[in-house]
Number of protein chains: 2
Amino acid sequence: MTTIKDVAKRVGVSPSVVSRALNNRYGVKESTREKIVRAAKEMGYYPNAAARSLVTRITATIGVMMADLSEPYYTQIIRGMEFSASKTGYTLLFSNSYESLEKSKVLEKMVYAERVDGVIIVGSNVEEQEYILKLVEKKVPFVLLERDIPDPRINCVYLDNFYGGYLATKYLLDKGHTRIAHISGKIGFQVALDRLEGYKKALHEAGLLFDKELVMTGNFVWQDGYAAMKKLLRSQPPCTAVFTANDTMAFGALQAIAESGLSIPKDIAVIGFDDLEFSSLTNPPLTTVHQPRYEMGKEAVRIVTSLLQQGASEKGVKLCYRPEIIIRRSA
Amino acid sequence: MTTIKDVAKRVGVSPSVVSRALNNRYGVKESTREKIVRAAKEMGYYPNAAARSLVTRITATIGVMMADLSEPYYTQIIRGMEFSASKTGYTLLFSNSYESLEKSKVLEKMVYAERVDGVIIVGSNVEEQEYILKLVEKKVPFVLLERDIPDPRINCVYLDNFYGGYLATKYLLDKGHTRIAHISGKIGFQVALDRLEGYKKALHEAGLLFDKELVMTGNFVWQDGYAAMKKLLRSQPPCTAVFTANDTMAFGALQAIAESGLSIPKDIAVIGFDDLEFSSLTNPPLTTVHQPRYEMGKEAVRIVTSLLQQGASEKGVKLCYRPEIIIRRSA
DNA sequence: CACTTGTTTGCAAACGTTTGTAATAATTTT
DNA sequence: AAAATTATTACAAACGTTTGCAAACAAGTG
């Protein structure tokens, strides 16, 4: 591996000049800069990342922790993050917790080992609270994505899930439905709770009673949506519409309904939440609550990088997105 | 941030002893080791990654380049990789090329900057050949996943796609089909070519003529499968079966057929390739060629780490998996 | 020409580890 | 009890950068 000294020797100049030249610092003669740049290129010189970050204390890396990178839900978030990151030259280091508390500490270690400059935690659950607060105390630049912790020091980028749940339910109500079921997400996740509350609010506003029998709980996966729908199909009097806490469960519900021979949306209307890429491809295409995931990922990275570059600001950023409904054919 | 010196001072010992104690080197008295470990924990000491890798020349990180991490296709690969990596304590650094040659050079820089110890390239296309060979010359430990370049120095983990294509087609032939269409992947990707050739071989073996009209080309995406199938439905005489080069295109085909009112598999049988998670959830569940992606990801990392630990071996590893058919209901 | 000013370059320290070797302490052997 | 051996610890160099400051050089000024 060629080092800065090799380049320096070749050009006949000291390492410090090479460093300055390559980093575009001012105060080096244009002609020597050119010579240096050329030599560096010829020799295939790349500054050693470890050496550099040892002295600058900068890694230009942002650690991202999420439950499972390969959930289709994260797709757009990741793309948005990468867009921002590549614009500012940052590298993203992904880490999957797989919902294990132990694994979510990986990120903590990364911070202490100075492998990352900043951190994004996406969709954390309640158990991780303590460890998140530790980050705040250590003044680590970070943002919480997909969640709002009402602590003014914590930067949050999230969706108004309450409003989303309200919107979805309201849409069904406006279509004349009065028996509307809800397949909720796992309790313990704030998003699930918020969407449920939005659902209740809309019901209440319409003067309808909240019926526990019409609420099923799942863990955001296809199978749970399928099973929950199977049960709901047996409810008496039958429900005529169902709002699922996410699209993946809606897919399962769609399938269960199709198997029962009922028609969507004539017999039962379905509305999902998230607007996954696949949601426009189901049969029928899924009406759903759109979440600007790309945008949110993009902003999360933008905020962290700006914290990194301008120094942490005292008061946290709270970026709340308002969801909207994408009307397709299932409701 | 607490450094090794802080810990040393606290315990009343030199930094070198602390280093040895914490790294479980032999030659430090048990009682002092205990004191050191305790102090380190209390003080929240974490070794600085940059400083360490500067002297050891080890980052314990493997760079992974793929087209787009968020394709559902990669899901199982990633999980397999993470499994191996976490077992040996390695970190995975993902990088998306988004099929741009420029972005695929990111990894090259990572290697030169010594940010990664080894590299995995998954599903590269032909254009990247030159840059791959450069890695070989620089003796960078790496494996090529999802592809075989017939260079004995290159470690490859891949599927026998030719056999897979053969198997899928043979299955349809055995069911009595004689007009079998193929929705192929993008030319320029070896996998697409191989699967096509397997298809031809099976046809030939059965004494059937290869009919160009029955082969469509897509870019592995839903829309292309859908469009291709729409066209195929108009072919005369009609085809009674279709083999798609991947599952995502099969999903599109399924939809196109459903819309035409034909029944699957009675009127048209469909067989896919990959066995995505979602493939068992389509309507009807998709018969497909299974690819052990988890296993392959796992092995790829295992090979790189073992190269890293035992020093690069001269002759490359060639790990070829044989696909098998998962029979569901679409064919 | 001497003097100031400004530009360009070099020196050396620092970043936090690891590690070979020397020094010291503890233990065993004679 | 001295010598030899072994176990434990300390020292110092090294890894490849960056950067404050001093040195050298060039150019302009009186």
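We name chains A, B, ... by the order of the sequence lines, and we start the count at 1 in each one. Heavy-atom basis, side chains included; hydrogens, waters and symmetry copies ignored.
Residues B:Leu54 and B:Thr32 both approach DNA chain D. Their nearest nucleotides, taken by heavy-atom distance, put B:Thr32 toward the 5′ side.
As rounded to whole Å, 12 Å separates atom C1' of C:dT17 from atom CG of B:Leu22. Spacing between atom CZ of A:Arg25 and atom P of C:dT7 amounts to 18 Å, rounded to whole angstrom units. Remark: C1' of C:dT17 and CD1 of B:Ile4 are 6 Å apart, rounded to the nearest angstrom. Atom pair A:Asn24:CG and D:dT18:P shows a separation of 12 Å (rounding to whole Å applied). When rounded to the nearest whole Å, the span between CZ of B:Arg33 and C1' of D:dT8 equals 12 Å. Per the geometry, OH belonging to A:Tyr46 stands 15 Å off P belonging to D:dT18, to the nearest Å. Counting to the nearest Å, the C1' atom of C:dT17 and the CZ atom of A:Arg115 are 15 Å from each other. Rounded to whole Å, atom P of D:dG20 lies 9 Å from atom CZ of A:Arg20.
Residue B:Tyr112 has no polar side-chain atom (N or O) positioned under 4.0 Å from OP1 or OP2 of D:dG16. In this structure, A:Arg57 reaches the C:dG16 phosphate: one of its side-chain N or O atoms is under 4.0 Å from OP1 or OP2. Between C:dT18 and B:Asn23, a contact under 4.0 Å exists linking OP1 or OP2 to a side-chain N or O.
Between B:Asp117 and B:Thr61, every side-chain heavy-atom pair lies at or beyond the 4.5 Å cut-off.
Across all strands, B:Tyr26 comes closer than 4.0 Å to no nucleic acid atom at all (heavy-atom distances). At the heavy-atom level, A:Thr3 lies under 4.0 Å from the strands shown only through sugar-phosphate atoms. Heavy atoms of B:Ser16 sit under 4.0 angstrom from at least one base atom.
Between B:Gln76 and B:Glu277, the side chains place a donor N or O and an acceptor N or O closer than 3.5 Å (distance only, hydrogens not considered). Side-chain contact of B:Arg52 with B:Asn23: a donor-acceptor pair under 3.5 Å is present, judged by distance alone.
Side-chain proximity of B:Val55 to C:dG16, D:dT19, C:dT8: nearest is C:dG16. With distances taken from any side-chain atom of B:Arg52 to the nucleotides C:dT17, D:dT19, D:dA10, the minimum falls on C:dT17. Comparing atom distances between the B:Val17 side chain and each of C:dT9, D:dG16, D:dT9 picks out D:dT9 as nearest.
For B:Arg10 and B:Glu42, the salt-bridge test passes: some basic side-chain N is under 4.0 Å from an acidic carboxylate O.
Between A:Phe189 and A:Phe220, the angle of the ring planes goes over 60°, which puts this pair in the perpendicular group of the 30/60° scheme.
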